[in-house]
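A quick write-up on the structure given underneath.
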Amino acid sequence: MKSLRICLGLCAVAMCLSAFAQRPPKGYNYAYGDFNGDGKKEYVYFIPPKDADRWEELDDFESLYGVLKFTNPSIPSINVKQCVSGVPCNLGDLNGDGKDEIGIQPGWVTSSWQVYRIFTLKRTGWIDAVPPFTVWLGDEDTNFDTNPPVKKLGNGKVRITTYEWQGGDVVKKYKTVKVK
């Protein structure tokens with residue numbers, strides 16, 4: 001009986017340590033979900049490029065890639081071009097393949113006009129689930145980290161909120177697109 005208690009205690013400790021090991025490193029922006037469709041949830045977290053805080057001193061902005069990394073080491077990382085900051089967002093399973101898609105509004109250094117990206121995992125690796133689209137950070141109605149500009153419509157389609165400059169004004173537009 002005593003050995004059974006010890007065994008159960010060790011199993012409980014191992015489960016706690018396993019859950020702790022699955023957490024993203026402290027200080028990183030992250031999201032939680034099943035990004036590879038194996039039925040187990042993991043974290044995705046954003047690692048800024050090493051020169052993100054000194055971007056003004058750089059001659060080559062092309063080297064500023066942020067990385068979306070996973071607590072499950074079998075899931076490949078995603079290099080996000082022109083991205084010095086960002087908060088990954090679990091958008092849920094948008095295309096019905098059993099895997100959650102990841103949204104991110106890459107923080108960049110040039111203006112309040114940015115690009116929103118949605119990634120989906122395929123056999124060949126991560127791809128854009130929909131073509132990247134323009135968002136405007138001046139829209140006070142939207143916080144893209146907590147309220148992404150994507151709404152699932154069903155049947156593998158989403159409505160995206162995009163912005164355009166027209167006649168001196170910023171115009172919000174909605175577009176329905178198919179998810180890959």
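- Note: Q114 CD to F133 CZ = 12.5 Å, rounded to the nearest 0.5 Å.
- The pair K99-D34 fails the salt-bridge criterion, with no side-chain N (NZ, NE, NH1 or NH2) lying under 4.0 Å from an Asp/Glu carboxylate O.
- Taking hydrophobic clusters as Ile, Leu, Val, Met, Phe, Trp and Tyr residues chained together by side-chain heavy-atom distances below 4.5 Å, L68 does not share a cluster with I47.
- Rounding to the nearest 0.5 Å gives a distance of 9.0 Å between CZ of R117 and SG of C83.
- Residues Y32 and N90 have side chains not in contact (no heavy-atom distance under 4.5 Å, counting atoms from C-beta outward).
- Counting heavy atoms from C-beta outward, L153 and V158 have side chains that stay 4.5 Å or more apart.
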- Task: Could you walk me through whether I102 and I78 pass side-chain contact (heavy atoms from CB on, under 4.5 Å), step by step?
- Result: CA-CA 10 Å; I102 301 167; I78 306 169; 4.3 Å; yes
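- If you check the side chains of N29 and Y45, you find no donor sitting under 3.5 Å from an acceptor.
- At a threshold of 4.5 Å between non-hydrogen side-chain atoms, the residues F119 and V80 count as touching.
- Residues I118 and F35 fall into different hydrophobic clusters, defined by Ile, Leu, Val, Met, Phe, Trp and Tyr side chains chained together at heavy-atom separations under 4.5 Å.
- Atom NZ of K41 is separated from atom CG of N72 by 14.5 Å, given to the nearest 0.5 angstrom.
- Here the side chains of I75 and W126 are in contact, with some heavy-atom distance below 4.5 Å.
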- Task: Could you please spell out the steps behind the side-chain contact (heavy atoms from CB on, under 4.5 Å) verdict for K173 and T161?
- Result: CA-CA 6 Å; K173 295 192 170 201; T161 305; over 6 Å; no
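- A continuous path of ILVMFWY side-chain contacts below 4.5 Å connects L137 to V170, so both sit in one hydrophobic cluster.
- Between the side chain of D38 and the backbone N or O of K40 there is at least one donor-acceptor pair closer than 3.5 Å.
- Looking at heavy atoms from C-beta onward, V67 lies in side-chain contact with S77 at the 4.5 angstrom threshold.
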- Task: For the pair V115 and V135, evaluate side-chain contact (heavy atoms from CB on, under 4.5 Å) and give the outcome as yes or no after the intermediate values.
- Result: CA-CA 6 Å; V115 173; V135 294; over 6 Å; no
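- Within 6.0 Å of NZ in K151 there are 12 or fewer heavy atoms belonging to other residues, nucleotides or ligands.
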- Message: Pair T120, E101 - check side chain to side chain donor-acceptor pair (under 3.5 Å), show working.
- Response: CA-CA 5 Å; T120 188; E101 275 66 49; 2.6 Å; yes
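- You'll find the side chain of L91 reaches within 4.5 Å of the side chain of P148, heavy atoms only.
- Around atom NZ of K172, more than 12 heavy atoms belonging to other residues, nucleotides or ligands sit under 6.0 Å away.
- T71 OG1 to Q22 CD: the interatomic distance, rounded to the nearest 0.5 Å, is 4.5 Å.
- Side chain of K152 to backbone of D93: a donor-acceptor contact under 3.5 angstrom is found.
- Linking ILVMFWY side-chain heavy atoms closer than 4.5 Å, directly or via other members, places V87 and Y116 in two distinct hydrophobic clusters.
- Hydrophobic clustering, with ILVMFWY side chains joined whenever heavy atoms are under 4.5 angstrom apart, keeps Y30 apart from F46.
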- Verdict with supporting geometry, K180 and I127, side-chain contact (heavy atoms from CB on, under 4.5 Å): CA-CA 9 Å; K180 293 180 186 175; I127 64 167; 4.0 Å; yes
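- Of all heavy-atom pairs spanning S74 and N36, the tightest one is OG-ND2, 4.3 Å.
- Side-chain atoms of N155 do not come within 3.5 Å of backbone N or O of K157 as any donor-acceptor pair.
- Contact check for W113 versus W108: no side-chain heavy atoms found under the 4.5 Å cut-off.
- When side chains are defined from C-beta on, Y28 does not count as touching Y43, because their heavy atoms never get closer than 4.5 Å.
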- Message: Quick one, D139 with Y163, criterion side chain to side chain donor-acceptor pair (under 3.5 Å). Give me CA distance, side-chain angles, the key distance, then yes/no.
- Response: CA-CA 9 Å; D139 184 356; Y163 300 79; 2.4 Å; yes
